[in-house]
2 protein chains.
Amino acid sequence: MVGRPVNHQRRAELLDAAVEYAAEYGFSELSWRPVAAALGVSPTTLVHHFGTKEQMLEAILGRLRERMFVATRDLAGEQPDLAAQARATWVRACDPQHAAEFRLFFAVYGRALQAPQQFAAFLEHAVAYWMSALVDAQGPDTDLATATRTATLVIATIRGLLLDLLTTGDRDRVQGAAESFLATLEHPATLEHPATLERKA
Amino acid sequence: MVGRPVNHQRRAELLDAAVEYAAEYGFSELSWRPVAAALGVSPTTLVHHFGTKEQMLEAILGRLRERMFVATRDLAGEQPDLAAQARATWVRACDPQHAAEFRLFFAVYGRALQAPQQFAAFLEHAVAYWMSALVDAQGPDTDLATATRTATLVIATIRGLLLDLLTTGDRDRVQGAAESFLATLEHPATLEHPATLERKA
DNA sequence: CCATTGATAGCACGACTGTACTAGAAATGA
DNA sequence: TCATTTCTAGTACAGTCGTGCTATCAATGG
């Protein structure tokens, strides 16, 4: 290690640039030299500010999670209920402008599969957030167990559909499936007490 | 390239062993030398049988897809309808015995995000399979557009939930969410015409 | 018996990796 | 003014990577 004390502002600049580079070239292509060349600095500069390559990867992941969470929160916060929040989240996820970011986000899951303990907390955070949104919408008498189930299902389904969209690019098919799911969200009873539902004939 | 003509039986042996190695150590750790050492052969032997590292990776992916597809087909073929097939698939996915295989399967998606065209056909295949299962269960008057939506949603949701399970290990939470989803599958009307559903009071 | 084929291994080469060491440039404060 | 701190860069080194070249072993068929 060459220099430990760093200016946090400069480091933040480099970090944001590194996140953009990662979003464009993927997580597997993150080596000191290519990243440094793309950022117009020397590899040593990156080492100086991030210490270790593993620490730089960790910093990139952290910054990415931060971005994603803030964006989701800002977007969902304007929506009245869970179904509307889920729909808004889905719409944002489908925006081609964010494709690279979400693509990188799934690379995070690739890492999570190898080191789950680092990411469990983040997913817990996401579930807790969706649960609070659900309680806000349904009032304080919401069954927490049900809310947990629903929040988990919303997250997993949106993630699965988005993964499908990013790998196939078949927008129409995935959008149709998403509409089916979002429709069930607008009828929460189907998730809570499916046995009480009947066709209307 | 050193030797082109290969005995396919020996190659298949090495391939299966390589798939097991990949399932244990992940896709990022696939270099000639470590794999060869684990398989008890020389790196040159692997080169001889697979040609190029990229070709070996492709062979491993192909073999993995084959395994997964056969297993899913055999399992689902014994079930009466779509909901039962989805449940059986989910149960198998949750079996810790197959965890390493599914973990590796998600690494495939990591690759798919970088080279989508290679994997679009496979996913189309999976959707077509689930659609045929759905048509078998519902009869020839099934709406194909609806069947496509449902098949896509089933695949994406199971994949998303499984990804959640593998990264968090929170079996209870994910299982609850899966039950919610599987319950909606047993009421297909909620996916087709949600507007026609009402609470039963 | 020998010749051919295929499996296996050893070795070497160039490219790339992370990172430690060294040093110059620029800013900052006494 | 000078001394200290921080940023940046150059260089070197040990390791790993993919892969081509060469040689040895066993089996097979004439």
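No hydrogens, no waters, no symmetry mates; every other heavy atom, side chains included, goes into these values. Just so it is clear, the structure is predicted and the values come from calculations on it, not from any experiment. Here is the naming used below: chain letters follow the sequence lines, and residue numbers restart at 1 for every chain.
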Peer 1: Heavy atoms only, 4.0 Å cut-off, all strands: where does Leu30(B) land among base, sugar-phosphate and nothing?
Peer 2: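 Leu30(B): backbone/sugar contact only, no base atoms under 4.0 Å.
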
Peer 1: How many whole angstroms separate atom CG of Leu57(B) from atom C1' of dG18(D)?
Peer 2: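 Checked: the CG to C1' distance equals 12 Å.
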
Peer 1: When you get a sec, tell me which of dT8(C), dC7(D), dT17(C) is the closest nucleotide to the side chain of Arg10(A)?
Peer 2: dC7(D)

Peer 1: Would you mind telling me which of dC11(C), dC17(D), dG18(C) lies closest to the side-chain atoms of Thr44(B)?
Peer 2: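 Selected nucleotide (nearest to the side chain): dC11(C).
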
Peer 1: Would you indicate which nucleotide in dA7(C), dG18(C), dT19(D) comes nearest to any side-chain atom of Trp32(B)?
Peer 2: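 My answer, after comparing the listed nucleotides, is dT19(D).
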
Peer 1: Is there a side-chain contact between His49(B) and the phosphate of dG6(C), meaning an N or O under 4.0 Å from OP1 or OP2?
Peer 2: no

Peer 1: Find which nucleotide of DNA chain C each of Arg33(A) and Ser42(B) is nearest to by heavy atoms, and output the residue with the more 5' nucleotide.
Peer 2: Ser42(B)

Peer 1: Under 4.0 Å from OP1 or OP2 of dC7(D): is there any side-chain N or O of Thr45(A) that close?
Peer 2: no

Peer 1: Looking at dC7(D), I'd like to know if its phosphate oxygens (OP1 or OP2) sit under 4.0 Å from a side-chain N or O belonging to His48(A).
Peer 2: yes

Peer 1: Can you measure Glu13(A) atom CD to dT6(D) atom C1' for me and round it to whole angstrom units?
Peer 2: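 Rounding to the nearest Å, CD of Glu13(A) and C1' of dT6(D) are 15 Å apart.
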
Peer 1: Send over the distance from Leu46(B) CG to dG20(D) P, rounded to a whole Å.
Peer 2: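 Result: 15 Å.
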
Peer 1: dT17(C) P sits how many Å from Met56(A) CE, rounded?
Peer 2: 11 Å

Peer 1: Calculate the interatomic distance between Gln55(B) atom CD and dT19(D) atom C1'; express it in whole Å.
Peer 2: 12 Å

Peer 1: Going through the distances and angles, do Phe102(A) and Phe106(A) end up as a ring-ring contact (aromatic ring centres under 6.0 Å, His included)?
Peer 2: CA-CA 6 Å; Phe102(A) 279 95; Phe106(A) 280 112; 7.5 Å; no

Peer 1: Under 3.5 Å, is there a donor-acceptor pair linking the side chains of Arg173(B) and Thr152(A)?
Peer 2: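 Present: a donor and an acceptor within the cut-off.
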
Peer 1: Quickly, which of Arg92(B), Arg65(B), Arg63(B) forms a salt bridge (Lys or Arg N to Asp or Glu O under 4.0 Å) with Glu101(B)? Name it, please.
Peer 2: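 With Glu101(B) as partner, salt bridge (Lys or Arg N to Asp or Glu O under 4.0 Å) holds for just one option, Arg92(B).
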
Peer 1: Can a donor-acceptor pair be found, under 3.5 Å and without considering hydrogens, that links the side chain of Thr148(B) to the backbone of Leu144(B)?
Peer 2: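 Yes; judged by distance alone, with no hydrogens or angles, the pair exists.
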
Peer 1: Can you measure Lys53(A) atom NZ to dC16(C) atom P for me and round it to whole angstrom units?
Peer 2: 15 Å

